[in-house]
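Source: prediction; values computed, not measured. Note on naming: letters A, B, ... go to the chains in the order of the sequence lines (proteins, then strands), and numbering restarts at 1 for each one.
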2 protein chains.
Amino acid sequence: MNQVTGAPGTSRPGGRTARVREAVLRAAGDALVDKGIGGVDLAEVARRAEVGKTTVYRRWGTVPGLVADMLAEMAESSLPRARTGALDTDLAALAGLILKTLADARQGPLFRAIIAAAASDAQTAAALHRFYRVRIEEWAPCVNEAVARGDVPEGTDAAEVVRALSAPLYYRFLVSGDPLDAGVAERAAVAASAAARAGVYA
Amino acid sequence: MNQVTGAPGTSRPGGRTARVREAVLRAAGDALVDKGIGGVDLAEVARRAEVGKTTVYRRWGTVPGLVADMLAEMAESSLPRARTGALDTDLAALAGLILKTLADARQGPLFRAIIAAAASDAQTAAALHRFYRVRIEEWAPCVNEAVARGDVPEGTDAAEVVRALSAPLYYRFLVSGDPLDAGVAERAAVAASAAARAGVYA
DNA sequence: TTCATAACGGGACTCCAGTTGCGTTAGGCG
DNA sequence: CGCCTAACGCAACTGGAGTCCCGTTATGAA
């Protein structure tokens, strides 16, 4: 798949092609939200999008291929990081943002489905990892500024602090099933801050 | 599914029935390890297990149903917690155990597939959450003993400390794709300990 | 050992996801 | 504006997952 010259949609990306892509990605999102990856196939996505089934198979080929394209789309709408001037409030803002995303009625199930898709397909996994690398790098400066202020030890791995903050939320969301609420988000932020100040990530 | 009276395998659980169950669960594990949930169906499991396809459909019905049964099986082989006499070494032992499991050539992909299955099926999700609730409760006493020793503030939520320790490993494993190594496990343990001592989970 | 029946297994059948071939529509260039 | 062809869509086809019927095996109790 994806010939060296001319994957469908690359040579005439405008007009109808763009409309079809938009309709298919939206339909795929809808399907993932209310059935999860397990219950989705390209034929159904084509029906939902009111698009020829052949088109979906030709352009995306497989469900993971489609999910990878969705991720590329989502990667572009990355929210800017907080700039509150203090580490704790910056981290609290990030924790709140992640909480809001995972608890959202559409975004939550969508992320769950995408992460699950990445579990059985290398292409999707690569796209997912790129997505989070970008997000982590977007927020890392919060920690570096704290280092510059002297609030956190020199040499602290900023990305690692961001991961430490994100992890408890995703753990509950994907693994343990424990509830996700504002208290959990706050504790995640405070814990990451405490560990960073203690020099755990230096 | 699972009628009030007489799900298959409940009334005559011995002999052939037990052999079939063992063969099917092993085959299902093999299939999940090398294809992930996305690529597994009951017909293939039946072929791998050298068992009648009808049997697999009748007893388990769906892939998530089969996965839920695997989890019930796995829940019984829960390793006992460490008792080193100090919080940091106990937590380090747990982090090492999780790392070993996730990094294992068979267990790792298996857990990945099971967690992914839970993402699109409520029954599997419930089984997964039970599995981790038991594991967390098994290790929580490490923290309670530390509280009793006076190493950690009174009122600390032991389960929350265990989750905080586990989370960074699972986050890398499932979400960010960053490498999993002994250093990460150690940092996870130290960070959880530092946050607990700082009273974040009290 | 015998018996009732729980559980398994073979094979035919259905249904639909995924493929293929070919005609139709409409971007983008001159 | 008109041509070339990329990209779409319809319809027919295929293969295999999941279902059903019914005969066979062998468990567990008497």
Legend entry - Phosphate OP1/OP2 of dG27(C) contacted by Arg19(A) side-chain N/O (<4.0 Å): yes

Inset, instruction - Report the residues that fulfil side chain to side chain donor-acceptor pair (under 3.5 Å) with Ser176(B), sequence neighbours left out, ordered by chain and then residue number. - result: Asp178(B)

Inset, instruction - Run through Asp104(B), Leu128(B), Thr101(B) and flag the one making a side-chain contact (heavy atoms from CB on, under 4.5 Å) with Phe111(B). - result: Thr101(B)

Inset, instruction - Quick one: list whatever passes salt bridge (Lys or Arg N to Asp or Glu O under 4.0 Å) with Asp34(A), sequence neighbours left out. - result: Arg48(A)

Legend entry - Distance, rounded to the nearest Å, where Leu66(B) contributes CG and dG18(D) contributes P: 12 Å

Legend entry - Partner set under side chain to side chain donor-acceptor pair (under 3.5 Å) for Arg106(A), not counting sequence neighbours: Asp30(A)

Legend entry - side chain to side chain donor-acceptor pair (under 3.5 Å) against Glu186(A), all qualifying residues, sequence neighbours excluded: none

Legend entry - Sequence neighbours excluded - salt bridge (charged side-chain N to carboxylate O under 4.0 Å, His left out) pairs with any residue from residues 187-202 of chain B: Glu160(A)-Arg187(B), Asp88(B)-Arg197(B)

Inset, instruction - Ignoring hydrogens and angles, answer whether the base of dG27(C) and the side-chain atoms of Thr17(A) contain a donor-acceptor pair closer than 3.5 Å. - result: no

Inset, instruction - For the pair Glu145(A) and Arg149(A), find out whether any cationic side-chain nitrogen is under 4.0 Å from an anionic carboxylate oxygen. - result: yes

Inset, instruction - Name all pairs fulfilling the salt bridge (charged side-chain N to carboxylate O under 4.0 Å, His left out) condition that reach into residues 60-69 of chain B, sequence neighbours left out, sorted by first residue then second. - result: Arg21(B)-Asp69(B)

Inset, instruction - To the nearest Å, give me how far apart CZ (Arg58(A)) and P (dC22(C)) are. - result: 14 Å

Inset, instruction - Taking only the side-chain nitrogens and oxygens of Thr55(B), find out if one of them lies under 4.0 Å from OP1 or OP2 of dG9(C). - result: yes

Inset, instruction - In whole angstrom, give the distance that lies between atom CZ of Arg59(A) and atom C1' of dG9(D). - result: 14 Å

Inset, instruction - Could you check how far CD of Glu50(B) sits from C1' of dG9(C), rounded to whole Å? - result: 14 Å

Inset, instruction - Mind checking ring-ring contact (aromatic ring centres under 6.0 Å, His included) for Tyr171(A) and listing every partner two or more places apart, or none if nothing turns up? - result: Tyr170(B)

Legend entry - Residue Val20(A), side-chain heavy atoms: nucleotide from dC8(C), dC10(D), dC8(D) that is nearest: dC8(D)

Legend entry - Axial bend angle, the helix from dT1(C)-dA30(D) to dG30(C)-dC1(D): five-pair end segments, nearest 10°: 50°

Between the protein and nucleotides 16-18 of chain C, which nitrogen or oxygen pairs are less than 3.5 angstrom apart?
unit_1, atom_1, unit_2, atom_2, d
dA17(C), OP2, Arg47(A), NH1, 3.4
dA17(C), O5', Asp41(A), OD1, 3.4
dG18(C), OP2, Leu42(A), N, 3.4
dG18(C), OP2, Tyr57(A), OH, 2.6
dG18(C), O5', Tyr57(A), OH, 3.2
dG18(C), N7, Lys53(A), NZ, 2.8
dG18(C), O6, Lys53(A), NZ, 2.9

